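Atoms considered below: every heavy atom in the structure, side chains included; atoms not considered: hydrogens, waters and symmetry mates. Letters A, B, ... mirror the listed sequences (proteins, then strands); counts begin at 1. Note that the structure is a prediction, hence the values are computed from the model and not measured.
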Amino acid sequence: MTVPLLRVDGLGGAFRRRDGGLTPVLHDVSFALQPGCITAVVGETGSGKSLTALTILGLQPSAFVRRSGRILFAGQDLLALPPSAMRAVRGRRISMVFQDARAALNPVFSVGAQLADVHRLQHGGSARAAWDAAVEALRRVRIPEAERRARQYPHEFSGGMAQRAMIAMAALVCTPALLILDEPTTGLDVTIQSDIMELIVELCRDRGLTACLITHDLGVVAESCEEVVVMNAGRVVETGTTEAIFTRPQQPYTRRLLAASRLDAAAA
Amino acid sequence: MALARMILQRLLWVLPVAFGVVTITFFAARVLGGDPTELYAPPEATDELRAQIRAQLGLADPLWKQYLAYLAALARFDFGTSFTTGESVGADLSARLPATLELGLVGLVIGILAGIPLGVLAAVNRERWPDFLVRGVTLSGMALPQFWIGLVLISIFFVQLRLLPGPVGRLPIGVAPPPPVTGFLLLDAAFAGDWVLWRMAAMQLVLPGVTLGLTTLATVARVTRAAMVEALQSDYIRTAIAMGHGRGMVWFRYGLRNALLPVVTLLGGVAGHIFGGAVLLESIFGWPGLGQYALQAIDHSDFAALQGFVLYASLLYVLAFLLVDILYLLIDPRMRA
Amino acid sequence: MKRSAADATLDPAALPAAPPARRRRAPASWSLRIGAGLLLFYAGVALLSLVWTPYDPLAPGMGDGYLPPSREFLLGTDRLGADILSRLMAGARYDLGITLVAVAIALSIGSALGTIAGYFGGVVDTVISRLVEVFQAFPGLLFAMLIVQAVGPGVPNIILVLSFIGIPDYLRLARAEIRSRRAWPYAEAARMVGNTPWLVAFRHLLPNSAGPLLAFTSINAAFVALVTASLGFLGLGLDPNTPEWGSMIARGQDGVMTGEWWVSFFPGLAILGLTGAFYLLGDALSDLTDPRRRR
């Protein structure tokens with residue numbers, strides 16, 4: 001195997017409760033993201049997958065206390081970076097798409113303005129150029145009438161459209177090496193879900209992006225990902241290629257998860 | 001379009017509110033109030049003399065007749081005549097409004113300019129010492145009576161340190177005001193080019209303005225802090241950080257813009273509070289504004305003056321809320337749809 | 001899974017634990033403790049003043065006029081030579097008592113009317129809501145001054161006026177609370193098992209709104225205490241010799257101009273403690289009852 005782009009190494013930590021005690025939530029989480037691959041991190045709600053993803057960018061809730069581990073990215077431990085260096089990594093090297101895109105976009109600025117802000121931050125240039133780049137990015141994610149849509153506000157977007165705009169911001173306006181997607185299709189209609197996943201896969205292939213897809217939907221994983229990390233109760237249960245996980249699962253938990261999703265698919 | 005329709009709706013709503021206010025004050029004052037005849041009649045006056053005085057004051061008719069007459073006069077913007085000043089109430093109020101407004105605006109500006117940064121400072125340092133400090137200041141600002149803050153400031157800066165002029169009104173005693181144009185002394189003095197006078201008027205404004213500003217600041221900072229804390233925990237702030245935006249951008253553009261929405265809502269209430277507080281503040285600082293006038297009217301059971309004042313204050317209050325709604329519409333795109 | 005070297009550092013004390021997280025819980029309970037503690041203290045002082053004060057709070061000439069704070073008169077004397085500490089203690093009866101009774105009345109009437117308006121809706125609701133809007137166009141303090149002057153002096157009248165001006169706020173809050181809960185499953189369930197509408201509204205819905213209502217009550221009490229002091233300061237509704245704190249500040253006003261600051265200063269601190277306690281308690285209560293803020 002090649003050198004991984006990012007390696008999470010023995011990450012462990014706990015939430016500080018209101019009474020001051022600690023509730024352990026992550027135990028020795030380790031996995032690697034291979035360059036140019038889409039890696040899925042799957043698990044049920046509360047398995048610690050989103051928390052792990054947020055920790056990569058230093059966005060974990062303030063109640064989270066890390067107790068061990070490193071996150072190695074391009075030879076640096078992200079967890080040891082000073083805040084200013086971390087800020088230079090965000091957006092520029094690693095970018096992120098969030099679950100509820102309508103809430104993740106700022107309600108009082110037009111969508112185009114938010115993309116343009118990020119463009120100027122990452123690439124400089126004039127306000128005019130940034131706006132054009134924002135509109136172009138929206139067009140690239142196949143938002144119809146991008147020019148007009150850019151002037152609209154998040155509340156005027158549907159969930160699917162907002163997620164497209166979010167992807168445009170995170171993967172096109174930002175030009176990261178690694179894109180983290182935290183449940184990008186959860187809460188969307190099924191048809192929209194597959195459109196969005198298609199878009200994500202296409203963008204990653206076109207730009208040689210490395211992606212980390214956090215999801216609880218195994219159906220999505222089978223179609224789009226090369227590698228899978230299965231998490232449960234704050235632990236990594238099993239890692240492997242998508243084919244290996246789907247055809248030769250080693251752990252009972254993985255088998256249960258697969259069985260449940262097949263029942264799900266059969267019922268649907 | 002939405003804006004125009006909303007303004008129209010609100011303006012139409014002012015009418016029934018004004019009617020309600022007029023009716024309530026009229027009957028509250030007449031039915032519950034003392035008989036002003038007693039104030040004007042000598043103690044040994046005969047019943048005949050009393051009746052004569054009553055008739056002169058317009059109180060001889062049955063209550064409903066007085067009420068209808070009052071409404072009819074109001075429809076012609078005639079607020080009646082004050083028993084105490086002998087002038088038309090409308091003229092009295094208009095003459096005193098600039099004093100109250102000038103002080104109120106200075107207080108409001110101080111409160112906003114100091115309150116919003118303090119609220120942001122507290123929110124971004126949540127649960128650390130700047131936060132505790134700001135919360136202490138805002139708590140005291142809200143918990144202390146305004147008139148007491150005024151007296152303490154007078155005691156420190158006038159009586160003890162002699163840094164600022166005493167509480168004798170808008171200008172030092174014996175100084176003539178500039179030729180009236182707007183009624184705002186700072187503006188009128190500037191128009192007249194009299195900068196010595198301007199400075200005197202400004203110095204007189206410092207203590208009452210700061211007193212009012214401190215109370216306003218407390219409320220503004222408190223609401224800003226709460227709104228900012230909530231904004232900073234939101235998904236969109238997380239997005240902004242994830243995209244690599246620095247603190248300044250995150251706090252002041254993405255966070256504050258959202259946090260200002262509740263602050264704007266608050267301003268209507270603050271404006272009303274300033275009017276309510278004017279009564280006390282003006283009596284401390286000898287400020288010849290609406291508050292002093294109202295207090296005098298209350299003391300003398302001066303019905304026309306009192307009713308005029310309450311109506312005036314209520315309408316300004318409703319107007320303040322209308323302005324706030326418009327402002328809100330302008331800064332929150334979700335309201336425009 | 002692989003174990004890394006970083007795993008060796010499992011000692012929590014050695015970790016860079018985020019300081020904000022550590023103190024997260026503290027402020028709420030602090031404000032609750034300080035607020036409740038101060039209120040109990042004031043109540044204690046008010047009761048104590050019934051049986052003992054250092055000097056007679058109503059009698060002038062306990063010492064010379066305008067004596068500065070000393071061992072004999074801890075907080076000094078006022079213009080008439082009355083002991084300020086004794087008057088402050090007796091004042092707790094007025095400021096605390098008037099506030100508590102007025103707020104209790106406003107809360108009871110306001111939330112009852114609000115519950116009716118919110119639960120039954122219709123014409124009753126429309127009429128009540130419109131009336132509330134008209135009353136809210138009056139600035140509270142002004143309205144209080146006006147009616148106090150109208151109904152005449154006396155503690156009962158002040159209490160009536162203060163509760164009267166408070167009713168619209170409680171009404172509005174209770175109405176909003178009840179309306180938001182009217183359609184909840186537990187209200188539905190209470191109706192299904194045969195409760196009368198009145199029972200559903202007052203036994204099932206209103207108690208569930210107790211949290212927000214009480215939090216508001218506490219914050220409103222601070223406002224009422226301030227209005228009480230303001231009325232006293234203006235000499236409305238109370239005999240000027242009453243040891244109410246606002247009246248005491250008014251009596252010291254002349255002294256402030258000539259340097260005898262203590263006469264007005266200490267009653268202000270007494271007010272700060274009382275209103276501050278209500279604010280702190282209100283903050284703590286809304287933290288406890290607002291699930292969004294209880295993280």
Taking every non-hydrogen pair under 4.5 Å, which of A:Arg87, A:Arg90, A:Gln99 racks up the most with chain B?
A:Arg90
Relative to chain B, which segment of A:Gln114 carries a heavy atom at a distance below 4.5 Å: side chain, backbone, both, or neither?
both
Of B:Leu261, B:Val223, B:Thr216, which is the lone residue that meets side chain to side chain contact (heavy atoms under 4.5 Å, CB included) with B:Leu266?
B:Val223
Salt bridge between A:Asp195 and A:Arg142, side-chain N to carboxylate O under 4.0 Å?
no
Under 4.5 Å to a heavy atom of chain B? For A:Leu105 that would be backbone
Anything under 30° is parallel, anything over 60° is perpendicular, the rest tilted; go ahead and classify A:His123 against A:His119.
tilted
Under a 4.5 Å heavy-atom cut-off, does chain B meet the side chain of A:Met169, its backbone, both or neither?
both
Structural part of A:Arg92 lying under 4.5 Å from a heavy atom of chain B:
neither
Distance-only polar pair, side chains of B:Glu282 and B:Thr100, donor-acceptor under 3.5 Å
yes
Honestly, is A:Arg149 close enough over A:Phe157, meaning NZ or CZ under 6.0 Å from the six-membered ring centre and within 45° of the axis?
yes
Pick one of side chain, backbone, both or neither for A:Ile94, based on which atoms fall under 4.5 Å of a heavy atom in chain B.
backbone
Go through A:Gly58, A:Gly91, A:Ala170, A:Ala104 and name the one with the most non-hydrogen pairs under 4.5 angstrom from chain B.
A:Ala104
